[in-house]
Each structure stands twice: as structure tokens, then as C-alpha cells.
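Atom set for the values below is all heavy atoms of this structure, side chains included, hydrogens, waters and symmetry mates excluded. Each ligand, and each atom within it, is numbered from 1 in the order the structure gives.
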Amino acid sequence: MTTDDAYREDTMATIAFIGLGNMGAPMMRNLLKAGHRVYAYDLSAAAMDAAAAAGAHRADSPAAAAAEAEVVVTMLPAGQHVRAVYTGEGGVIAAARPGSLFIDSSTVDVASARAVAEAAAAAGHAMVDAPVSGGVGGAEAATLTFMVGGPAAAFERAQPILQAMGKAIIHAGGPGNGQAAKVCNNMILGISMIGVCEAFALAEKLGLDAQTLFDISSKASGQCWSLTSYCPVPGPVPTSPANRDYAPGFAAAMMLKDLKLAVEAGQSVNAPLPMGSEAAQLYALFCANGHAGLDFSGIVTMLRGQG
Ligand code: NAD
């Protein structure tokens, strides 16, 4: 069979989709739009009603959804939910058809991703961890970036499914490496955002105009995504959350979750993370101050001594 034949065959897949929250619901709708048949399951009755209205079949449990499908996609909050849905009582690994493909797009700890992948492989199924970057906007527009960990053959099988939900699909290596890529990337983001915020707070006290700092640093060695695409002060980047009172965007609580995963991963392999740990502490403080729901760039208010 050629790759094109395989692609055509896979574009007509029957998919179990479990976890229909802020991200899962629009991702699932894009699978429907691409012509796939979807059996949907979520603990929330409202999420199930919305999925059925969008054209999905209702399933009564994760196991019932998996039993109907050849591909299972999950988009759940954290590691314990993923372990429960895959390997817990009534889990999808035991219920799935022989040789099913599992795609977990949740952001979870590397250890949970590897444990579940091992259980799937032992039961004769293919699995990839495929966490995403791009947020709810990317999920709606089918422009997510997928960081994929798993065997090459499983990555190839997952491609046509992921293409219906995203635009960049990158193989990061073996099981768990998608999650490793996600925590490393988001740790860079958390640390760099705090650095940019500190620079704007310092500039203000030194009498240097924010727009002037932006014009200089965006063309100098301080240039980074947190500055040029997501500037934490109002003005220089009109689309950044700073221009709408830090409505997310990417909530501080989510950044804290990802930084905690990075710190946990660092501890598990004895990797010193002095800046990552500090960033996690600063986001914990920002969230504890009542700002968990604000965009993560809003931490500039705390660093200015305001929040
Ligand atoms: P969410 O809380 O909106 O959705 C999670 C859904 O999972 C909920 O509808 C919940 O009812 C359901 N659920 C929980 N346990 C379940 C179970 N046992 N069986 C079935 N359904 C169950 O979360 P979200 O924002 O959609 O995020 C999902 C994942 O994607 C998280 O791991 C998050 O870190 C990651 N992520 C989110 C964003 C974002 O911007 N929201 C961006 C990138 C990655």
C-alpha cells in the first residue's frame, strides 16, 4: 500500500474522542469536518450534548467509545485522568479493538505518558503522545502544533488524523518525547516571559519608554516570542492580551501546570532547573494572589509591584 492509499484509507477513520473541553470540543469538530465518524465521551452532560449537536455519536463510557473505533483520541486535564481512562477500570486499552491506534493530546507528566504507552504496546496497540501548542484559537482553526512521541510506524498512522486538527506535526522521538518537548518549550516560554516583564518594569523606573524599549529589543539580542508576539505591556503588539486587561490567551494557571511538570521532570532525571523552578514559584505566587485566570503575561503587574 502506498502512503497516499494509506492516507485515503485513514481519512475515513472511525474515532473515539474522549475529553470534550475547551480544546477537545473544537478538535473533535475538526475531525467531523474532515469526514471522520466520531464516537464522543465526556463526564460533562453539557459537553456531550454539544458534541451530539455537532454530529458526533454519543458513547456511554470511554470503553464503549473505544469498542466502536479504530482510533482513540484523548484530550484530558492531567496525568491521573489519562492513566484512569487508559489503564483504569473500564479503560480503553482493554476495550479497544485489536491493533487500535491511541493518540493522547493532553499535556501530562512524561512518566504517565510512558507508563500508558507501555501498557498500550503490551496489549498490542499503537500509541503516540501528541500534546499541542496553539491554544483554543489553534484548536478551533485546526492550526495546532503537535509534538509527537512514539514509534515511527505509530507516528505515520497518526499523521492523517493529526493533520485534520493541526498544521505542524513534528516527530520528537520515542514514547513520552512529545511531552518532553512540550514541557521544555513551555519552560522556555515561562522563563522568557518573566525576563521580558522584568525588563519593561525596569525600563519604566529608569524613564525609558515602553515602545522605545520594544523598538530596540525587538531588533537586538533581547528579541524573543514573549517580546515580539506577546508583548506583556499594552501598545507595542496590538494583538497581545496586555491590550485587553490580560484576558487569556494562555491562562497563568496553565503556565503554572506546565512549569510544575517541567520541575517534576527535572527532579526525575536530576536535571538542575534553577530558572524553571523560580518561574514556577513566581507563577504559583501570581495564581495564589487570585490571578490564575488571567493571561500568563499579566505577571508583569506583580513584577511591577502592583498585583
Ligand atoms: P478542559 O478542562 O476544558 O477539558 C477537559 C475535559 O476532560 C473536560 O470536559 C472534562 O469533563 C473531561 N474529563 C475529565 N476527566 C474525564 C474522564 N475520566 N472521562 C471523560 N472526560 C473527562 O481542559 P482543556 O483546556 O481542554 O485542556 C485539555 C488538555 O490540553 C490539558 O492537558 C491542557 O493542559 C492541554 N492544553 C490546553 C491548552 C489551552 O489553551 N486550553 C493549550 C495547550 C494544551
Problem - Ion pair check, R58 and D49, cut-off under 4.0 Å - result: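 The answer is yes: the pair qualifies as a salt bridge.
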
Practice task
Locate the shortest heavy-atom distance separating N30 from A139; write the atom from each residue and the value.
Solution key: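 That would be ND2-O, 2.8 Å.
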
Handout entry: Exercise: identify the closest heavy-atom pair between F155 and V148
Key =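 So the minimum-distance heavy-atom pair works out to CD1-CG1, 3.6 Å.
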
Provide the number and element of each atom of ligand 1 under 4.0 Å from a heavy atom of [X].
{"X": "K257", "value": "31 (C), 32 (O), 33 (C), 34 (O)"}
{"X": "G19", "value": "7 (O)"}
{"X": "V132", "value": "43 (C), 44 (C)"}
{"X": "Y41", "value": "19 (N), 20 (C)"}
{"X": "I18", "value": "20 (C)"}

Indicate yes or no: does an N/O atom of [X] lie under 3.5 Å from an N/O atom of ligand 1?
{"X": "D42", "value": "yes"}
{"X": "P77", "value": "yes"}
{"X": "L76", "value": "yes"}
{"X": "D258", "value": "no"}
{"X": "S106", "value": "no"}
{"X": "T107", "value": "yes"}
{"X": "M23", "value": "yes"}

Handout entry: Nearest-0.5 Å distance that lies between atom CG in L282 and atom CD in E278
Key =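 CD of E278 is found 5.0 Å from CG of L282.
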
Problem - Reported CE-to-CG distance for the pair M255 and L259, which is rounded to 0.5 angstrom - result: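 The CG atom of L259 is 5.5 Å from CE of M255, to the nearest 0.5 Å.
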
Please list the nearest protein heavy atom to [atom] with its residue and the distance rounded to 0.1 Å.
{"atom": "atom 4 (O) of ligand 1", "result": "G21 CA, 3.2 Å"}
{"atom": "atom 39 (C) of ligand 1", "result": "M254 CE, 3.4 Å"}
{"atom": "atom 30 (O) of ligand 1", "result": "M75 CE, 3.0 Å"}
{"atom": "atom 40 (O) of ligand 1", "result": "G135 CA, 3.5 Å"}
{"atom": "atom 18 (N) of ligand 1", "result": "V85 CG2, 3.6 Å"}

Does one side chain, of [X] or [Y], offer a donor that lies under 3.5 Å from an acceptor on the other?
{"X": "T212", "Y": "D215", "value": "no"}
{"X": "Y86", "Y": "D104", "value": "no"}
{"X": "S192", "Y": "S226", "value": "yes"}

Check this for me: [X], atom [atom1], are more than 12 non-hydrogen atoms of other residues, nucleotides or ligands nearer than 6.0 Å?
{"X": "R114", "atom1": "CZ", "value": "yes"}
{"X": "K260", "atom1": "NZ", "value": "no"}
{"X": "E118", "atom1": "CD", "value": "no"}

Exercise for the section: With F102 as reference, evaluate V71, I93, V73, T74 under the side chain to side chain contact (heavy atoms under 4.5 Å, CB included) test and give the passing residue. Expected result: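 It is I93; the other options fail the test.
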
Handout entry: Output field: ring centroids Y230/F296 closer than 6.0 Å
Key =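 That pair passes the under 6.0 Å test.
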
Practice task
Determine, using ring centers only, whether F17 and Y39 are less than 6.0 Å apart.
Solution key: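 Here the rings of F17 and Y39 have centres that are no less than 6.0 Å from each other.
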
Exercise for the section: Measure M48 to ligand 1 on non-hydrogen atoms and call it side chain, backbone, both or neither using the 4.0 Å cut-off. Expected result: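 No part of M48 is near ligand 1 at this cut-off.
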
Practice task
Could you tell me whether atom 15 (N) of ligand 1 has at least one protein heavy atom nearer than 4.0 Å?
Solution key: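 Yes, there is a protein heavy atom closer to it than 4.0 Å.
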
Problem - Nearest protein heavy atom under 4.0 Å from atom 7 (O) of ligand 1, yes or no - result: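 So far as the 4.0 Å threshold goes, atom 7 (O) of ligand 1 is in reach of a protein heavy atom.
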
Problem - Option whose closest heavy atom lies nearest to atom 21 (N) of ligand 1, chosen from V136, L43, L20 - result: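 Among V136, L43, L20, the closest heavy atom to atom 21 (N) of ligand 1 belongs to L43.
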
Practice task
Could you name the option among L261, N22, V108 that has the heavy atom nearest to atom 3 (O) of ligand 1?
Solution key: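 Heavy atom nearest to atom 3 (O) of ligand 1 belongs to N22.
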
Practice task
May I ask whether A84 places a heavy atom under 4.0 Å from ligand 1?
Solution key: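 Outside the 4.0 Å threshold, so no.
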
